[in-house]
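Throughout, a chain's letter reflects where its sequence line sits, starting with A, and its residues are numbered from 1.
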There are 2 protein chains.
Amino acid sequence: MRIQDVAKAAGVSIATVSRALNALDKVTPETRERVRQVAAELGYTPNASARTLRTQRSCVIGVVLPTLLNPVFAECLEGIAATSAAAGYSIQPFTTEYQVEREDQAVKRLLAANVDGIILVVSNPGRSSALQRLIAVRLPYVLAYNQHARHPCVGVNNEKAVRELIAHLTALGHERIAMVSGMLKASDRARQRYRGYRNGMKRAGLAELPLIEVPFVETAVQEVVTQLVDARLRPTALVCSNDLIAIRCLRAAHLAGLSVPHQISITGFDGIALGEDLTPMLGTIAQPNADIGRHSVELLVQAIAAGKPPAAPASIKLAHHFRAGESCAPAPRTSLSTHPSPLTRRLRSLR
Amino acid sequence: MRIQDVAKAAGVSIATVSRALNALDKVTPETRERVRQVAAELGYTPNASARTLRTQRSCVIGVVLPTLLNPVFAECLEGIAATSAAAGYSIQPFTTEYQVEREDQAVKRLLAANVDGIILVVSNPGRSSALQRLIAVRLPYVLAYNQHARHPCVGVNNEKAVRELIAHLTALGHERIAMVSGMLKASDRARQRYRGYRNGMKRAGLAELPLIEVPFVETAVQEVVTQLVDARLRPTALVCSNDLIAIRCLRAAHLAGLSVPHQISITGFDGIALGEDLTPMLGTIAQPNADIGRHSVELLVQAIAAGKPPAAPASIKLAHHFRAGESCAPAPRTSLSTHPSPLTRRLRSLR
DNA sequence: CTGTTAGCGCATTCAG
DNA sequence: CTGAATGCGCTAACAG
């Protein structure tokens with residue numbers, strides 16, 4: 001079913017068919033209707049490859065994500081899919097499994113596919129060969145979740161979010177707060193969140209605890225946490241760099257015989273939907289994941305329409321919010337009195 | 001960067017470049033190496049649209065899924081992505097949100113995009129206009145998760161799985177077993193699993209309990225379950241048609257003041273990774289989700305290579321297994337004695 | 001307002 | 001073994 005067939009059936013030229021279907025105004029209403037009628041009857045759909053080859057526009061948006069096994073990215077992709085479909089775009093996603101080389105491979109293939117733009121979340125925006133490549137060929141792109149002054153980004157303020165969280169926890173009486181994070185090397189979000197932890201602790205006048213860095217998709221969390229909670233001066237709160245890790249910590253704490261939140265509070269980051277269905281419901285910093293996807297698409301589509309790639313100033317900072325769950329409560333008195341922190345001791349001696 | 005540029009730089013014709021890069025044997029080893037060298041230096045990547053237009057092959061696989069918000073499909077898509085990337089294919093996914101019309105829309109767009117084949121999970125394989133369309137144009141397709149005698153499918157035996165599960169539960173002493181399911185209308189899996197429940201109960205000589213049908217992505221689960229567990233003859237086990245629902249039931253039971261599994265057992269279906277991190281760890285019928293994706297791709301790619309669409313006999317039935325969790329335990333004695341089921345009473349009266 | 005025509009970049013015939 | 005020429009299906013510039 002080609003444009004030729006429609007033209008023949010409608011008794012017009014292929015140019016007229018093309019115009020009737022695309023540039024609605026450059027053709028008589030009658031012929032336009034007739035052509036559309038015929039096209040509909042024949043079930044004609046324009047060949048996307050031919051059109052792309054001719055117009056240099058594919059109406060396809062490339063997407064590069066670490067993984068779909070973390071619901072945070074699945075939720076975002078769902079948002080991307082919905083928005084781009086509504087805007088007449090298709091998507092072509094690639095997962096990198098947190099490997100930087102694969103970011104570049106994905107971009108290469110996306111370029112070959114003539115995508116109109118790319119949404120990506122990279123490991124390190126500062127020195128990403130994938131981004132360099134995109135800039136070199138002037139292909140519009142938007143970073144999702146990443147945060148960087150020299151690139152167009154859509155996401156939340158990770159550092160500030162954790163800083164606020166620390167303040168919230170200290171207001172609840174927590175002093176020994178530890179951070180459990182994914183590998184810092186693999187994610188700028190993790191790095192920013194860790195910075196938020198450090199600054200938050202500093203502002204609160206509390207001593208930082210050593211960062212607990214756990215590999216992705218590993219159950220190693222359990223050993224670490226078990227070991228941690230056995231320590232004499234155990235933390236009263238664990239701030240996790242994402243919800244998946246928090247969920248594992250929840251279980252690890254349970255297995256270690258600690259009750260959450262009575263003996264230890266645990267918080268996540270991301271706000272995956274499942275967190276609300278857990279018991280205890282996960283306290284977390286919720287990001288608007290679908291919205292991050294939606295805004296990324298909108299930014300990209302606008303830029304494509306305007307003919308100029310989005311730039312850093314176009315970045316969109318979305319609001320996060322602390323979703324109070326049941327995994328987070330005031331610090332246990334017992335723990336505080338049994339193992340008073342240096343700060344507590346100092347405060348008490350002042351009285 | 002077109003093939004022309006490479007040809008000029010290498011001092012050969014575009015035909016030679018094309019052959020050097022594709023048909024490796026139809027050119028002198030020396031010139032081939034030289035061309036490849038030049039192409040690599042220039043960073044040349046063939047234009048996919050042009051190639052597709054010419055060869056009528058896009059090396060793109062379309063994917064049509066209900067949603068990515070259910071990890072079961074995200075896991076499957078991850079498998080599809082990994083396998084197709086390894087095979088040199090890209091993917092173009094669409095979500096339908098369980099709406100049949102959108103299945104058809106997605107297929108339409110996929111056809112226009114010249115995909116080489118489609119993997120889809122539909123609501124009703126028996127009468128799917130999307131499938132009809134694919135058959136009409138002879139485009140290779142594979143159904144994932146769906147089960148149907150007249151279509152090529154990759155998945156597990158849903159009915160048998162639940163039947164076995166019922167047997168397992170009855171062996172644990174459960175007699176009042178209720179099923180909580182997503183909308184039957186929206187999913188043949190739900191219908192098959194429900195059939196498994198009915199047959200399983202029949203074989204065990206137990207009375208079926210009314211099906212509890214809950215809308216997708218709704219928290220309505222809670223009301224239903226709360227109401228259910230308040231009933232005088234409350235079930236000792238809830239068999240859920242998927243893990244997401246099971247997780248909600250877990251929480252609903254908790255809120256209703258029931259301890260799982262001591263007062264009530266709850267099982268899921270799908271085996272999403274997160275289930276293993278829950279407390280109590282979710283007892284579920286685990287499907288090999290990534291493998292379902294992988295096999296779907298392999299089936300499709302083979303068929304594409306062979307030039308003939310996969311047919312029903314090529315269907316692949318994968319093994320499921322019951323992943324024993326902590327949410328499932330022997331039936332509580334108390335409940336049995338307090339509220340003996342009709343069968344129990346009859347059995348007892350026989351002694 | 002409509003038809004004719006020229007490529008978009010590539011693979012592939014047909015000559016040489 | 002290599003080069004010139006053709007056309008995949010479409011849109012857009014150019015004529016009429």
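Residue B:Thr16 is the one, among B:Gln56 and B:Thr16, whose nearest nucleotide of DNA chain D lies closer to the 5' end (criterion: closest heavy atom).
Remark: the B:Asn114 side chain and the A:Asn47 side chain contain an N/O donor-acceptor pair separated by less than 3.5 Å. Between B:Ser49 and B:Thr52, the side chains place no donor N or O within less than 3.5 Å of an acceptor N or O (distance only, hydrogens not considered).
Looking at B:Thr67, its side chain never comes within 3.5 Å of a backbone N or O of B:Glu97 through a donor-acceptor pair.
With values rounded to the nearest 0.5 angstrom, B:Leu318 atom CG is found 5.5 Å from B:His295 atom NE2. Taking CG of B:Asp188 as the reference point, atom CG of B:Asn124 lies at 7.0 Å (rounded to 0.5 Å).
Using a cut-off of 4.0 Å between Lys/Arg side-chain N and Asp/Glu carboxylate O, A:Asp291 and A:Arg294 are scored as salt-bridged. Checked for salt-bridge contact, B:Asp5 and B:Lys8 miss the test: no charged N lies under 4.0 Å from a carboxylate O.
With the end axes of the helix from C:dC1-D:dG16 to C:dG16-D:dC1 each set by five pairs, the angle from one to the other reads 50° at 10° resolution.
Take B:Glu41 and apply the side-chain contact (heavy atoms from CB on, under 4.5 Å) test, not counting sequence neighbours, and it matches B:Gln37. Contacts of B:Ala7 classified as side-chain contact (heavy atoms from CB on, under 4.5 Å), with partners at least two apart in sequence or in another chain: B:Ile14, B:Val17.
Contacts of B:Thr31 with the nucleic acid, taken as non-hydrogen atoms under 4.0 Å apart, involve only primed sugar atoms and P, OP1 or OP2.
Bounding nucleotides for the chain B contact on DNA chain C, 5' to 3', at a heavy-atom distance below 4.0 Å, are C:dG9 to C:dT13.
With rounding to whole Å, A:Asp5 atom CG is found 9 Å from D:dG9 atom P. Rounded to whole Å, the distance from NZ on B:Lys8 to P on D:dG3 is 14 Å.
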**Report entry** Summary of protein contacts for nucleotides 10-16 of chain D, nucleotide by nucleotide, where a base hit scores B, a sugar-phosphate-only hit scores S (4.0 Å, heavy atoms)
**Finding:** BBBB---
For residues 129-141 of chain A, please give each side-chain donor-acceptor pair under 3.5 Å, one per line with the distance, not counting sequence neighbours.
from	atom 1	to	atom 2	distance (Å)
A:Arg133	NE	A:Asp104	OD1	3.3
A:Arg133	NH2	A:Asp104	OD2	2.9
A:Tyr141	OH	A:His151	ND1	2.6

